[in-house]
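As structure tokens, the structure follows; a few thoughts come after it.
Since we're looking at a predicted model, the values are computed, not measured. Below, all heavy atoms of this structure are taken into account, side chains as well, without hydrogens, waters or symmetry copies.
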Amino acid sequence: MKIVIAGGHGKIALRLTRRLAERGDSVVGIVRNPRHVDDVRRAGGEAVVLDLEHATVDEVAAALVGADAVVFSAGSGNSATAARRDKMDRAAVVLVMDAAEQAGVRRFLHVSSINVGSADERGIGEGYTVYLRAKRAAEEHIFTRDNLDWTVLRPGVLTDGPGDGTVELTAGDRVGPRNARFDQVAREDVAAVLVALIDRPETAGRIYVVIGGGTPVEKAVEV
């Protein structure tokens, strides 16, 4: 398959690129910084330099032509302003979906957050609240896209460990959890789950929450 990853230099994205490339898929990572191109290539993919904060639908669609699936794994970063969070964590998602529809790519996977329904919980913190609201708004746009076979993955707190190959994967809903959860999950395991979801078109139209657990990824995704 040909998979395009928006946010191709992200920590999940590079792990996903390596996994897909190792099994023979063609991977294209959309990156903002030209200095990140070599990192994507070292992971086994090719890179397209596009700034999703300023790119047009036509420019993004050109990068998606011929793809079998698009994964949105871009993010605003921990120190981003509220304006940039909105641009990257909401508006860029809409941009990529518009481009996918224009390019005729139906399969769309979105990396969201476990706590999208918890932005107004006490003690969350202002920066995290803004981030969660943007993520929630992005999901609301996703749910309206009848021309896309979308899947939303909501990971727990991300870690950089090697991963266990096992997770706890549960079906979510469009409201999201009412209380914030801080269960951890390795980025490596999130990448493995994304590969499994890409391979299963029957997961379209579903929302999944993933945290660390004891079920092998392949079995967990069968639920």
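Using a cutoff of 4.0 Å between basic side-chain nitrogens and carboxylate oxygens, D160 and R15 are scored as salt-bridged. Between D98 and R145, at least one side-chain nitrogen of the basic residue sits less than 4.0 Å from a carboxylate oxygen of the acidic one, meeting the salt-bridge criterion. R136 has a carboxylate O that lies under 4.0 Å from a charged side-chain N of E140, or vice versa, which qualifies the two as a salt bridge. Between E222 and K219 there is no salt bridge, since no side-chain nitrogen of the basic residue lies less than 4.0 Å from a carboxylate oxygen of the acidic one. Between R18 and E188 a salt bridge is recorded (basic side-chain N to carboxylate O distance below 4.0 Å).
Both V27 and L153 are members of a single hydrophobic cluster when ILVMFWY side chains are connected at heavy-atom separations under 4.5 Å. Tracing side-chain contacts under 4.5 Å through hydrophobic residues (I, L, V, M, F, W, Y), one never reaches V48 starting from V65; they form parts of separate clusters. A single hydrophobic cluster is seen to contain both I142 and L95, as judged by linkage of ILVMFWY side chains at heavy-atom distances under 4.5 Å, directly or through other members. V37 and I30 are assigned to two separate hydrophobic clusters, defined by single-linkage of ILVMFWY side chains at heavy-atom distances under 4.5 Å. Grouping the Ile, Leu, Val, Met, Phe, Trp and Tyr side chains by contacts below 4.5 angstrom, directly or via other members, places V70 apart from V40.
By the 4.5 Å heavy-atom criterion applied to side chains, Y208 and V221 are not counted as neighbours. Residues V49 and V31 are in side-chain contact: their nearest non-hydrogen atoms beyond the backbone lie under 4.5 Å apart. Looking at heavy atoms from C-beta onward, K2 lies in side-chain contact with V28 at the 4.5 angstrom threshold. Side chains of V195 and L16 form a contact here, defined as non-hydrogen atoms less than 4.5 Å apart. Here the side chains of R200 and E218 are in contact, with some heavy-atom distance below 4.5 Å. Counting heavy atoms from C-beta outward, Y131 and N115 have side chains that stay 4.5 Å or more apart. When side chains are defined from C-beta on, E168 does not count as touching T215, because their heavy atoms never get closer than 4.5 Å. Proximity of E101 to L148: side-chain heavy atoms (C-beta onward) are separated by under 4.5 Å at one or more points.
Judged as a salt bridge (charged side-chain N to carboxylate O under 4.0 Å, His left out), and not counting sequence neighbours, the contacts of R42 are D39.
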**Request:** Could you please spell out the steps behind the side chain to side chain contact (heavy atoms under 4.5 Å, CB included) verdict for D25 and R19?
**Result:** CA-CA 9 Å; D25 289 331; R19 284 177 171 271; over 6 Å; no
**Asked** Checking side chain to side chain contact (heavy atoms under 4.5 Å, CB included) for the pair V71/I198: CA distance, chi angles, key distance, verdict?
**Response** CA-CA 9 Å; V71 179; I198 289 170; 4.0 Å; yes
**Asked** So M1 and R23, side chain to side chain contact (heavy atoms under 4.5 Å, CB included) or not? Walk me through it.
**Response** CA-CA 10 Å; M1 291 189 290; R23 71 177 197 172; 3.4 Å; yes
**Item:** Working for side chain to side chain contact (heavy atoms under 4.5 Å, CB included), residues V152 and F108
**Value:** CA-CA 9 Å; V152 172; F108 179 83; over 6 Å; no
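Side-chain N or O atoms of D149 include none that pairs as donor or acceptor with a backbone N or O of R106 at under 3.5 Å. Between the side chain of D164 and the main chain of G214, no donor-acceptor pair closer than 3.5 Å is present.
The minimum heavy-atom distance between A74 and M88, with the atom names listed, is CB-CE, 3.7 Å. What you find for A55 and E59 is that their closest heavy atoms are CA-OE1, 3.3 Å. Listed here is the closest heavy atom pair of V4 and A63: CG2-O, 3.7 Å. Closest approach of V111 and P155 over heavy atoms only: CG1-CG, 3.9 Å. Scanning both residues, A21 and A43, for their nearest heavy atoms gives CB-O, 4.0 Å. Scanning both residues, V217 and A192, for their nearest heavy atoms gives CG1-O, 3.7 Å.
To the nearest 0.5 Å, atoms CZ (R187) and CG (L158) are separated by 4.5 Å. Going from atom CG of L194 over to atom CG of L109 covers 6.5 Å, rounded to the nearest 0.5 Å. Rounding to the nearest 0.5 angstrom, the gap separating the CZ atom in R107 from the CG atom in D68 is 11.5 Å. Taking CG from D146 and OG1 from T144, the interatomic distance works out to 7.5 Å, rounded to the nearest 0.5 Å. To the nearest 0.5 Å, atoms CD1 (I207) and OG (S112) are separated by 9.0 Å. For the atom pair D189 CG and I12 CD1, the distance stands at 10.5 Å (nearest 0.5 Å).
Counting only N and O atoms by type, the side chains of R154 and T170 include no donor and acceptor under 3.5 Å apart. Looking at Q184 and T159, their side chains never bring a donor and an acceptor atom within 3.5 Å of each other.
With a 6.0 Å radius and a threshold of 12 heavy atoms from other residues, nucleotides or ligands, R35 has its CZ atom at or below the threshold.
Note: F72 and H110 have tilted aromatic rings, judged against thresholds of 30 and 60 degrees for the angle between ring planes.
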